[in-house]
Student: 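Please find one structure pasted underneath; my questions will follow.
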Amino acid sequence: MIDLRKLREDDEYKAGAIRKGADAAVIEELLASEASRRSVQTELEQLQAQANAASKEIGRADPAEREAKIAAAGELKSQLKDKEAAYAEVAGKVDELVLTIPNPAAPQVPDGGEEDFELIEVVGDTIDAPPMDHATYGEYMGWIETDHAVQNMGSRFAYLMGAAVQLEFALVQWTMTKLVGHGFTPVVAPVLVREEMMVDAGFFPTDRHQVYTVSEDGLFLSGTSEVALAGLHRGDLLDAGTTPLRYAGFSSCFRREAGTYGKDTRGIFRVHQFDKVEMFSFTDAESSWDELEMLRGIEQEILGDLQLPYRLIRVAAGDLGAPAAMKYDCEVWLPSEGAYRELTSTSNYLDYSARRLKTRIRGENGNELAHTLNGTACAVGRTLVFLMEHCQQADGSFVVPEVLRPFCGLDVILPPS
RNA sequence: GGAGGGAUGGCAGAGCGGACGAAUGCACUGGUCUUGAAAACCAGCGGGCCCUCGCGGGUCCCGGGGGUUCGAAUCCCCCUCCCUCCGCCA
């Protein structure tokens with residue numbers, strides 16, 4: 001949730017929201033509602049003060065005077081009811097509108113949409129397409145089964161099988177080990193969450209269409225463990241000095257992929273269910289930008305260790321998603337497509353999500369909202385996609401990246417004879 | 001899934017319609033005492049929002065949301081969670 005006071009007072013903040021596609025008219029409507037809410041609140045509180053005083057008097061009054069005083073207080077009560085209704089109406093308007101305003105883009109974020117990113121760094125050399133793209137190769141190796149998956153579960157589902165499963169767990173274990181070394185607390189996060197959690201983490205109402213609903217129980221399947229990790233300090237007032245708090249969450253992730261018909265339909269590049277190791281940090285307001293650089297560094301370290309060629313970009317304002325103020329993407333070279341495709345991403349949400357989560361830090365001069373950040377450590381399925389093309393040899397064998405070998409006990413995986 | 005019992009400040013725990021934002025203890029902070037510490041004593045010791053340059057003031061919050069009442073931590077309804085017993089289960 002945005003900072004209403006800042007939206008009112010800071011023009012650059014407001015401009016940042018508009019750069020992300022927020023409707024300027026809606027923002028003005030929100031600001032007008034909020035101004036009206038404040039004035040109604042003051043009036044309401046004055047009435048409440050009168051009513052409270054009147055009631056207290058009744059408690060102290062002589063029994064003889066009570067009846068008259070109760071009648072007088074009853075008069076106030078009806079006024080109060082009207083004012084309460086007026087307040088509820090204007091507050092409801094503010095609450096409704098405020099959730100629709102995205103977190104303003106930070107000043108350093110470029111304008112524009114998907115194509116308008118800022119290229120920061122290109123690492124490693126691109127290679128030519130291997131004999132088989134990942135989908136063909138996955139089927140060839142017996143690693144990806146989609147025929148029955150489609151019949152049983154529908155499109156965009158796959159069975160992962162054979163040595164690919166060992167690679168999957170090796171990636172998870174290797175990543176977790178690395179993150180523990182960086183001071184992260186490992187977490188296996190619940191995937192089903194309540195609606196309030198989705199709202200507080202910043203996913204509802206804007207991304208509701210992307211989320212699977214378990215309506216009978218009022219639960220939602222989260223698209224990333226970020227949701228549950230954000231909830232780890234929901235409502236907490238943290239002591240200064242306890243941050244940063246860093247968590248490495250593992251979970252399966254579920255996405256409806258609405259509106260992506262016909263896009264990335266082959267193999268497992270874009271599926272409804274995948275596993276992911278996610279980094280999540282709670283920091284104070286002063287250190288979140290440094291933290292973002294640290295998360296970015298870990299992502300680059302992981303890609304470097306896997307020897308995947310990639311480019312680092314700063315995502316443009318229009319492509320940030322509602323809660324991020326700034327986002328880096330690491331796009332890895334996908335040889336079969338001759339293009340860089342997104343593998344990992346890290347964002348600074350500033351206090352946008354913490355405001356709803358009510359995650360605060362006790363400070364010398366009052367309490368302040370925490371900042372939250374997240375970053376992909378390893379999107380397992382998609383990492384396998386890239387590995388299947390980069391580690392694929394001319395003879396069809398698969399050379400396991402060196403860093404993973406201790407974690408799966410595999411070195412070279414031979415094709416079926 | 002069935003039957004009961006609960007949810008109060010950092011923790012423990014009173015209060016069960018009227019001066020209660022809430023006793024008391026512990027923890028914590030400052031002070032007195034002490035060579036120093038402990039003990040003892042004194043004081044302080046929530047959160048959100050609004051108004052105010054500030055001092056300060058107001059309001060809301062006793063799991064969450066509604067309701068009754070002049071007045072609710074206290075009474076009623078719904079929800080969530082926890083505990084005990086039974087059933088089921090990896």
Side-chain angles (χ1 to χ4, degrees), chain A residues 1-9 30-99 188 190-201 204 214-220 227-228 231-243 245 251-252 284-285 351-370:
Chain A
M1 184 167 73
I2 43 153
D3 184 338
L4 274 171
R5 180 174 301 166
K6 213 167 165 188
L7 190 71
R8 189 199 321 155
E9 291 167 357
L30 171 61
L31 287 174
S33 301
E34 197 262 342
S36 146
R37 178 180 68 176
R38 274 182 293 132
S39 70
V40 175
Q41 179 176 346
T42 303
E43 291 164 22
L44 173 65
E45 288 181 1
Q46 282 166 359
L47 269 177
Q48 285 171 327
Q50 286 178 45
N52 287 343
S55 292
K56 282 193 174 168
E57 237 182 90
I58 291 167
R60 282 188 286 253
D62 278 346
E65 297 171 12
R66 281 208 171 188
E67 283 309 315
K69 285 187 188 284
I70 287 173
E75 194 63 31
L76 270 175
K77 192 189 179 184
S78 73
Q79 286 181 46
L80 197 54
K81 245 188 175 132
D82 291 346
K83 196 55 84 177
E84 272 169 357
Y87 180 77
E89 191 184 328
V90 66
K93 182 84 177 165
V94 171
D95 291 344
E96 180 196 326
L97 290 176
V98 75
L99 287 183
V188 176
V191 295
L192 286 165
V193 302
R194 288 232 179 89
E195 182 164 18
E196 307 93 86
M197 191 61 245
M198 280 293 190
V199 173
D200 289 0
F204 280 10
V214 184
S215 49
E216 182 152 1
D217 298 286
L219 293 169
F220 299 85
V227 180
L232 228 30
H233 292 290
R234 188 155 175 251
D236 288 359
L237 216 196
L238 304 167
D239 286 321
T242 57
T243 56
L245 289 161
S251 81
S252 292
D284 59 32
D351 61 13
Y352 187 80
S353 167
R355 181 167 289 106
R356 286 208 59 98
L357 290 166
K358 297 186 176 66
T359 302
R360 294 157 304 157
I361 300 171
R362 211 183 288 281
E364 295 261 316
N365 320 304
N367 304 322
E368 62 166 26
L369 289 168

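Everything quoted here is computed from the prediction, not taken from an experiment. All chains are named by letter (A, B, ...) in the order of the sequence lines, taking the proteins before the strands, and each is independently numbered beginning at 1. Just so you know, these numbers use all the heavy atoms, side chains as well, and skip hydrogens, waters and symmetry mates.
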Student: Go through the structure and list residues passing side chain to side chain donor-acceptor pair (under 3.5 Å) with A:R8, not counting sequence neighbours.
Tutor: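 Partners of A:R8 under the side chain to side chain donor-acceptor pair (under 3.5 Å) test: A:E34.
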
Student: Is there a donor-acceptor contact under 3.5 Å from the side chain of A:S36 to the main chain of A:A32?
Tutor: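 No, because the side chain of A:S36 does not come within donor-acceptor range (under 3.5 Å) of the backbone of A:A32.
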
Student: Can you tell me, in whole Å, how much space there is between the P of B:C53 and that of B:C70?
Tutor: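 B:C53 and B:C70 have their P atoms separated by 38 Å.
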
Student: Return the nucleotide paired to B:G54: Watson-Crick means purine N1 to pyrimidine N3 with N6-O4 or O6-N4, wobble means G-U with N1-O2 and O6-N3, both under 3.5 Å.
Tutor: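 Partner of B:G54: none found under 3.5 Å.
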
Student: Going by salt bridge (charged side-chain N to carboxylate O under 4.0 Å, His left out), name the residues that satisfy it together with A:R194, two or more places apart in sequence or in a different chain.
Tutor: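 Here no residue qualifies.
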
Student: Does the structure show a Watson-Crick or G-U wobble partner for B:A27, both distances under 3.5 Å? Name it, or say none.
Tutor: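 When the pairing criteria are applied, nothing turns out to pair with B:A27, so the answer is none.
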
Student: Indicate, with a heavy-atom threshold strictly under 4.0 Å, whether A:R66 touches base, sugar-phosphate, or nothing.
Tutor: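 It contacts base atoms.
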
Student: Need the pair for B:U68. Rule: Watson-Crick or G-U wobble, both distances under 3.5 Å, any strand; none if unpaired.
Tutor: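 Across any shown strand, B:U68 pairs with none.
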
Student: On RNA chain B, nearest-nucleotide positions of A:Q48 versus A:R362: which is more 5'?
Tutor: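 Between the two, 5'-proximity favours A:R362.
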
Student: For A:E195, give me all partners under side chain to side chain donor-acceptor pair (under 3.5 Å), at least two apart in sequence or on another chain.
Tutor: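 Partners of A:E195 by the side chain to side chain donor-acceptor pair (under 3.5 Å) criterion, ordered by chain and then number, come out as A:R208.
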
Student: Got a sec, which residues hit side chain to side chain contact (heavy atoms under 4.5 Å, CB included) with A:D236, two or more places apart in sequence or on another chain?
Tutor: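 A:D236: side chain to side chain contact (heavy atoms under 4.5 Å, CB included) contacts with A:H233, A:L238.
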
Student: Under a 3.5 Å limit for both distances, which nucleotide forms a Watson-Crick or G-U wobble pair with B:A19, could you say?
Tutor: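 Checking every strand shown, B:A19 finds no partner, since no pair has both distances under 3.5 Å.
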
Student: Tell me whether the count of non-hydrogen atoms from other residues, nucleotides or ligands lying under 6.0 Å of CD in A:E196 goes above 12.
Tutor: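 Buried by this count: over 12 neighbours within 6.0 Å.
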
Student: With both distances kept under 3.5 Å, what pairs with B:A37, Watson-Crick or G-U wobble?
Tutor: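 Paired with no nucleotide.
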
Student: Sequence neighbours excluded, which residues qualify as salt bridge (charged side-chain N to carboxylate O under 4.0 Å, His left out) partners of A:D351?
Tutor: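 With neighbours one apart ignored, the set is A:R355.
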
Student: What does B:A73 pair with, Watson-Crick or G-U, if both distances are under 3.5 Å?
Tutor: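 Result: none.
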
Student: Nearest-nucleotide wise, let me know which of A:K56 and A:K81 is further upstream toward the 5' end of RNA chain B.
Tutor: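 Mapping each residue to its closest nucleotide by heavy atoms, the 5'-most match is A:K56.
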
Student: Can you check the distance between B:A7 and B:A14, where both ends of the measurement are the P atom (answer in whole Å)?
Tutor: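 These two P atoms come out 9 Å apart once rounded.
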
Student: Got a sec, which residues hit side chain to side chain donor-acceptor pair (under 3.5 Å) with A:Q50, two or more places apart in sequence or on another chain?
Tutor: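 Side chain to side chain donor-acceptor pair (under 3.5 Å) list for A:Q50, sorted by chain: empty.
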
Student: For B:C76 versus B:G17, give the span between their C1' atoms, rounded off to a whole number of Å.
Tutor: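 Going atom to atom, C1' in each nucleotide, I get 13 Å.
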
Student: Is there a side-chain contact between A:D217 and A:L192, using heavy atoms and a 4.5 Å cut-off?
Tutor: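 A:D217 does not reach A:L192 side chain to side chain.
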
Student: Rounded to whole angstrom, note down the C1' distance from B:G13 over to B:C62.
Tutor: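 The same atom, C1', in both gives a distance of 13 Å.
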
Student: Chain A on RNA chain B: first and last contacting nucleotide, 5' to 3', under 4.0 Å to a heavy atom?
Tutor: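 Nucleotide range in contact with chain A: B:G18 to B:C81.
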
Student: Quantified in whole Å, what is the P atom distance between nucleotide B:G87 and nucleotide B:A72?
Tutor: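 To the nearest whole Å, 45 Å.
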
Student: Go ahead and name the base partner of B:C88; Watson-Crick or wobble counts if both distances stay under 3.5 Å, otherwise write none.
Tutor: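 Per the H-bond distance test, none.
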
Student: Please enumerate all residues that pass side chain to side chain contact (heavy atoms under 4.5 Å, CB included) together with A:T42, with sequence neighbours excluded.
Tutor: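 Residues passing side chain to side chain contact (heavy atoms under 4.5 Å, CB included) with A:T42: A:Q46.
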
Student: Which nucleotide, if any, forms a Watson-Crick or G-U wobble pair with B:G63, using both distances under 3.5 Å?
Tutor: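 Base-paired to B:C79.
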
Student: Which residues satisfy the salt bridge (charged side-chain N to carboxylate O under 4.0 Å, His left out) test with A:D239, sequence neighbours excluded?
Tutor: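 For A:D239 the salt bridge (charged side-chain N to carboxylate O under 4.0 Å, His left out) partners, ignoring immediate neighbours, are A:R362.
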
Student: What's the gap between B:U34 and B:C28 when it is taken at their P atoms, as a whole Å value?
Tutor: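 Roughly 24 Å separates the two P atoms.
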
Student: Indicate every side-chain donor-acceptor pair of residues 80-98 of chain A with a distance under 3.5 Å to a residue at least two apart or in another chain.
Tutor:
| residue | atom | partner | partner atom | Å |
| --- | --- | --- | --- | --- |
| A:K83 | NZ | A:E43 | OE1 | 2.6 |
| A:K93 | NZ | A:E29 | OE2 | 2.9 |

Student: Tell me, which of residues 30-45 of chain A have any heavy atom that sits under 4.0 Å from an atom in RNA chain B?
Tutor: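 A:R38, A:Q41, A:T42, A:E45 - these, ordered by number, are the residues of the stretch whose heavy atoms sit under 4.0 Å from the strand.
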
Student: Suppose you measure atom C1' in B:U84 against the same atom in B:C79; what distance do you get, rounded to whole Å?
Tutor: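 The answer is 22 Å between these two C1' atoms.
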
Student: Can you list, in residue-number order, the parts of residues 84-94 of chain A that come under 4.0 Å of RNA chain B, counting heavy atoms only?
Tutor: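 Result for residues 84-94 of chain A: none.
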
Student: What distance separates A:I2 CD1 from A:Y352 OH, expressed to the nearest 0.5 Å?
Tutor: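 OH of A:Y352 is found 7.0 Å from CD1 of A:I2.
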
Student: Would you mind classifying the nucleic acid contact of A:A49 as base, sugar-phosphate or nothing, using non-hydrogen atoms under 4.0 angstrom?
Tutor: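 It contacts sugar-phosphate atoms only.
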
Student: For the P atoms, the ones on B:C55 and on B:G18, what distance do you get once it is rounded to whole angstrom?
Tutor: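 It comes out at 36 Å once rounded to the nearest Å.
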
